[in-house]
Amino acid sequence: MIGDHPLIDGVVAAAASRRTRVTWITGSPDAAPDAAAEGALLVAGPLDPDHARQHGNSAARAIIAFADEARQVSAIEALRAEAPGLPITVNYTDGLFTARPTGPGVRIVSQVQLAVRDLHWRNPPALIAQQLGQPRIHALLFGFGRGGNIILTDLLLCSLTGFQGKPLITIVDPRAAEREAALFRRCPELRESADIRFVDPGPVEDARHLPADLLRRAQAEAPFTTAHVSIDSDARSLSLARALHALALREKWRMGPVFTRLSNSRDLARLPVSHEAAELVGFGANADFAESIGLFDPNSDYLARLFHQAYRRTARADAPANRPWEDLPEEYRESNRRLLIHLPAKLLTAGVDLAAWLRVPLPRPNDMGGIPLPDLSADPALMEELAELEHRRWMVDRRLSGWRYGPVRDNEARLHPDLIPYDQLDEYTKDLDRAIVREAWETLGSSRGSGFFARGSMVRQAG
């Protein structure tokens, strides 16, 4: 462990519970460890070459997390120079960093991004909307800073089904106009995939003072499915979430949970939750970080590898991502991990009892836990529906990365000819989508599913 971020205390505590040896290079001579970190070998001061060589070459893995994230680049460089074979995981608050190119063996993650993935896996928004009898998802977001951007991204990637309308996202932020302009400047075609509207709550002195009239109008137009609160502190987030919960009960809104990001608390219940009473559900605790990065799970990328193998069986030989997993740049590995985000929505579209499937405990001998999985070979119409759904998900992923339609692919300008409806694609491109669906079904319907873990994550290749 290298750095002074509060995440480290949670990782050290988790390692201690597994009797895993930890060396913590604090990065600062006056870093004050939490009591939970007492089991670690503490090395006060910066990561100098001697420390990098001595501890890096005897470690199985390194995790870098500084409160001042500008210091993380030099830590990566120091470890690369003195311990070149050491796998490194680096935490950045901004989820946009997770897709940037890195050197070999370096994985960049965002604690908030991983927490949101786990949250939506446990509580799929599409399932909540179905249980509430809503024709489409209407998610309410409070705050659109780094955390809000990550929540929006994950919502759009995990929520598309074949039977619900275009998602509606209402974002409440005191800098609404500025945030809206920035989002659509970065993602110019995102409105093709979702209806997104920004609401300025006006001047507020207290987080508990909600723009109640604005929320009533939004609710009357389309009932809220869920709400997500992600603002600047645990205290303010919890205060606002409680105020929203009280408003929902007073107005008798029939909606799903109010998800509240609480980095330093696990006090709120996580499961089971009611999808009809605006129940408060916390997520994002520092204590969950070790599990979310698969620290103790050697098979956390099992399904990501299988999806990549499926891609390679169909991809052209000269495709940038058509190479073995071991040689794959981290941004392409992350692209595969993101495919898992959408798996519950595909199962829901196929008529699988998703609520029952999510209740099957992990690990399990077979991923479906005895729940019937439709036979795609006997139902070509369903196969095409799921392939089309996969294409829609891929288009969302590309649009979130700033890509637009262009008749000729241009990576620099982010133009792609496949950003068109599924029925206009050529058969080669359709086969890429079919391969992803087929691999998911084969894996879930066989004993190979035993390698699947809910906190993994995965995309048709960015190419």
Side-chain angles (χ1 to χ4, degrees), residues 116 119-120 123 125 128-129 131-152 154-156 159 165-184 191 194-263 265 267-269 273-284:
V116 171
L119 172 74
H120 288 153
N123 304 275
I128 297 173
Q131 291 174 334
L132 293 172
Q134 297 176 350
R136 67 168 173 171
I137 293 163
H138 184 184
L140 176 62
L141 273 60
F142 282 88
F144 201 64
R146 291 172 175 174
N149 271 273
I150 290 170
I151 291 168
L152 174 68
D154 202 85
L155 271 171
L156 296 183
S159 298
K166 184 187 294 187
L168 170 61
I169 315 293
T170 297
I171 300 169
V172 181
D173 191 287
R175 297 165 60 186
E178 176 188 342
R179 305 287 199 192
E180 181 176 15
L183 175 64
F184 291 111
R191 287 188 178 94
D195 294 327
I196 302 173
R197 62 187 179 193
F198 284 75
V199 174
D200 187 340
V204 291
E205 297 180 359
D206 190 322
R208 293 170 295 180
H209 292 167
L210 300 173
D213 289 340
L214 293 173
L215 295 178
R216 289 188 187 101
R217 288 197 291 271
Q219 162 72 16
E221 179 183 337
F224 296 128
T225 306
T226 59
H228 295 70
V229 179
S230 179
I231 51 179
D232 56 1
S233 73
D234 278 8
R236 283 172 54 82
S237 286
L238 188 55
S239 178
L240 192 154
R242 284 174 171 162
L244 179 60
H245 178 251
L247 176 64
L249 292 180
R250 187 167 61 250
E251 298 290 327
K252 298 182 179 179
W253 292 341
R254 186 169 177 263
M255 63 179 289
V258 177
F259 298 122
T260 311
R261 183 159 67 96
L262 299 171
S263 61
S265 173
D267 294 338
L268 292 182
V273 299
S274 166
H275 294 159
E276 299 187 12
E279 185 172 352
L280 297 180
V281 177
F283 72 99

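Atom set for the values below is all heavy atoms of this structure, side chains included, hydrogens, waters and symmetry mates excluded.
- In this structure the side chain of Leu214 never reaches within 4.5 angstrom of the side chain of Val172, judged on heavy atoms.
- Across all their heavy atoms, Leu141 and Gly148 have their closest contact at CD2-O, 3.8 Å.
- For the atom pair Phe144 CZ and Ile196 CD1, the distance stands at 7.0 Å (nearest 0.5 Å).
- Separation of atoms OG1 (Thr226) and CD (Glu279) is listed at 13.5 Å; rounding is to 0.5 Å.
- Here the CD1 atom belonging to Ile151 is positioned 7.5 Å from the CG atom belonging to Leu155, to the nearest 0.5 angstrom.
- The shortest side-chain heavy-atom distance between Leu183 and Arg179 does not fall under the 4.5 Å cut-off.
- Using a 4.5 Å heavy-atom cutoff, the side chains of Ile128 and Pro257 are in contact.
- Contact check for Trp253 versus Leu215: side-chain heavy atoms found under the 4.5 Å cut-off.
- Considering only heavy atoms from C-beta on, Arg175 stays 4.5 Å or farther from Phe198 through its side chain.
- Side-chain N or O atoms of Gln134 include one that pairs as donor or acceptor with a backbone N or O of Phe224 at under 3.5 Å.
- Rounded to the nearest 0.5 angstrom, Phe142 CZ and Leu240 CG are separated by 5.5 Å.
- Between the side chain of Asn123 and the main chain of Leu119, a donor-acceptor pair closer than 3.5 Å is present.
- Looking at heavy atoms from C-beta onward, Arg197 lies in side-chain contact with Leu168 at the 4.5 angstrom threshold.
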For Glu251 and Arg217: C-alpha separation, side-chain torsions, deciding distance, then whether salt bridge (Lys or Arg N to Asp or Glu O under 4.0 Å) applies. CA-CA 12 Å; Glu251 298 290 327; Arg217 288 197 291 271; over 6 Å; no

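- Here the side chains of Asp195 and Arg136 are in contact, with some heavy-atom distance below 4.5 Å.
- Here the side chain of Arg261 pairs no donor or acceptor atom with the backbone of Ser237 at under 3.5 angstrom.
- By the 4.5 Å heavy-atom criterion applied to side chains, Phe259 and Val116 are not counted as neighbours.
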